[in-house]
Amino acid sequence: MTDSDAPPVSREFATAASGRLTIVRGEGAELFDTSGRRFIDLGATHGVGNLGANPPEVVRAIERQAHELLYLGSIYANPVRSAFIDRLLSLLPRSFGSVFLSNSGTEAVEAAIKVARSVTGRTKVVAAMRGFHGRTMGSLSATWRREFREPFEPLVPGFVHVPYNDVAALEAAVDASTALVLLEPVQGEGGVHVASEEYLRAARAACDRTGTLLAFDEVQCGLGRTGRLFAFERWAVVPDLLLLAKSLAGGLPIGATVIGRELAPRFRGSHHSTFGGSPLVCAAGLAALNQLVHERLPERADRLGAAGLERLQSLPPAKVREVRGLGLMIGVEFREKVAPILAALESRGFLAIPAGATVLRLLPPLVISEADWTAGLTSIEEVVAGG
Ligand SMILES: Cc1ncc(COP(=O)(O)O)c(C=O)c1O
């Protein structure tokens with residue numbers, strides 16, 4: 001086989017030449033390429049950068065911890081890990097009692113599936129159409145999009161998908177064989193769709209009625225992004241399992257499955273992650289949580305996001321089908337493909353991402369300056385008007 005016959009390599013399998021733009025440095029919401037050109041991150045970091053590219057307190061915590069202890073197996077106690085877990089739990093309702101730490105969002109989801117199956121002794125998992133929960137085999141089974149799933153089938157049995165925000169369909173699907181209902185309070189990859197209060201309340205009630213566990217996947221919408229520290233606070237519907245990742249450790253790899261106090265003692269079987277809960281990542285996580293709270297970043301996301309949403313909702317309906325979102329998690333659904341809009345924004349120095357073929361997804365760092373956020377919105381208006 002010659003090189004030209006070789007099948008195209010997915011961008012996920014990185015080679016030294018992967019990526020169109022080469023980004024080498026960042027500060028807050030600014031990213032810089034090799035020539036020193038400045039870009040504003042409107043979503044380029046896929047929601048990891050809630051605190052920006054190099055949050056100083058997180059960097060200092062990593063430096064300090066790196067000199068003390070990088071890694072420690074989870075059979076030993078460690079004060080930094082304990083402090084991080086205590087801090088996380090202190091920010092959550094008292095119904096949560098423990099945390100399983102891993103290294104990514106997909107692992108946070110896998111742990112939730114295992115906890116639910118083990119604790120309930122049941123197998124069925126109800127997830128939502130347009131939902132995204134990761135790409136390992138369990139979380140992929142809960143992910144909706146056909147292109148993500150089909151090449152890898154057969155997936156894990158027992159997963160069903162119901163239309164998002166459809167109370168009747170959810171109530172019909174959840175029964176005495178259901179282990180878990182897994183939902184994003186705001187769907188990210190699926191196009192930025194916000195759950196209705198009625199839907200999440202109905203999910204809680206259906207789970208209570210049938211002895212099913214309810215998990216909220218806040219990997220993308222959690223940690224201040226929607227204008228509350230945790231998205232579920234918007235609806236005051238408390239899940240049994242809360243899944244966090246992305247910005248939780250300020251940019252280092254982490255996943256967290258926060259588990260209801262009553263559930264951990266009922267878990268049978270084993271689950272473990274070699275790197276999960278390393279002192280280095282926990283030190284970063286503690287600093288990141290403290291920054292989120294001390295700098296009141298959820299309130300900032302609420303204010304900047306509401307102003308942005310209002311402006312974007314005035315985009316011309318001839319081009320834009322709908323603008324949706326909560327806080328600094330906004331989707332602009334176009335009547336045509338979004339790729340040319342993203343390219344035009346990039347040429348003006350703004351990096352955003354799609355959510356499907358037609359949705360522009362905005363997930364800027366919550367520390368973005370008002371001037372940069374306003375400039376980003378103006379650029380979107382200009383690109384839409386001129387395109
Ligand atoms: C809601 C949600 N869950 C899970 C994941 C998977 O996270 P990771 O890519 O860290 O495995 C993502 C990633 O985008 C996500 O948005």
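Atoms within a ligand are numbered from 1 in the order they appear, just like the ligands themselves.
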Could you check [atom] against the protein and tell me its nearest heavy-atom contact, residue, atom and distance included?
atom: atom 8 (P) of ligand 1; result: G105 N, 3.5 Å
atom: atom 6 (C) of ligand 1; result: T106 N, 3.6 Å
atom: atom 3 (N) of ligand 1; result: D217 OD2, 2.7 Å

Worksheet item: Is it the side chain (CB and beyond), the backbone, both or neither of E184 that lies under 4.0 Å from ligand 1, heavy atoms counted?
Response: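 E184 to ligand 1: side-chain contact only, backbone stays beyond 4.0 Å.
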Discussion item. Against ligand 1, does K246 come closer than 4.0 Å with any heavy atom?
Written reply: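 Within the 4.0 Å threshold, so yes.
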Item to complete: Please determine, by modelled atom types, if E110 and T136 share a side-chain donor-acceptor pair under 3.5 angstrom.
Response: yes
Worksheet item: Looking just at side-chain N and O atoms, do S118 and R266 make a donor-acceptor pair shorter than 3.5 Å?
Response: no
Worksheet item: Is the charged tip of R348 near the ring of F350: under 6.0 Å from the six-membered ring centre and within 45° of its axis?
Response: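 No; the conditions do not both hold, so R348 does not lie above the ring face of F350.
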Practice prompt. Measure from NZ or CZ of R261 to the centre of the six-membered ring of F96, then state whether that distance is under 6.0 Å and the direction lies within 45° of the axis.
Written response: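 Output no; distance or angle outside limits.
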Item to complete: Determine, using ring centers only, whether Y164 and Y199 are less than 6.0 Å apart.
Response: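 Yes, the ring of Y199 comes within the 6.0 Å limit of the ring of Y164, centre to centre.
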Worksheet entry | Nearest heavy-atom neighbours spanning P185 and E218 | CG-OE2, 3.9 Å
Item to complete: Scan the protein's non-hydrogen atoms and note whether one is under 4.0 Å from atom 10 (O) of ligand 1.
Response: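 Yes, there is one.
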Worksheet item: Counting both backbone and side chain atoms, is some N or O of Q220 under 3.5 Å from an N or O of ligand 1?
Response: yes
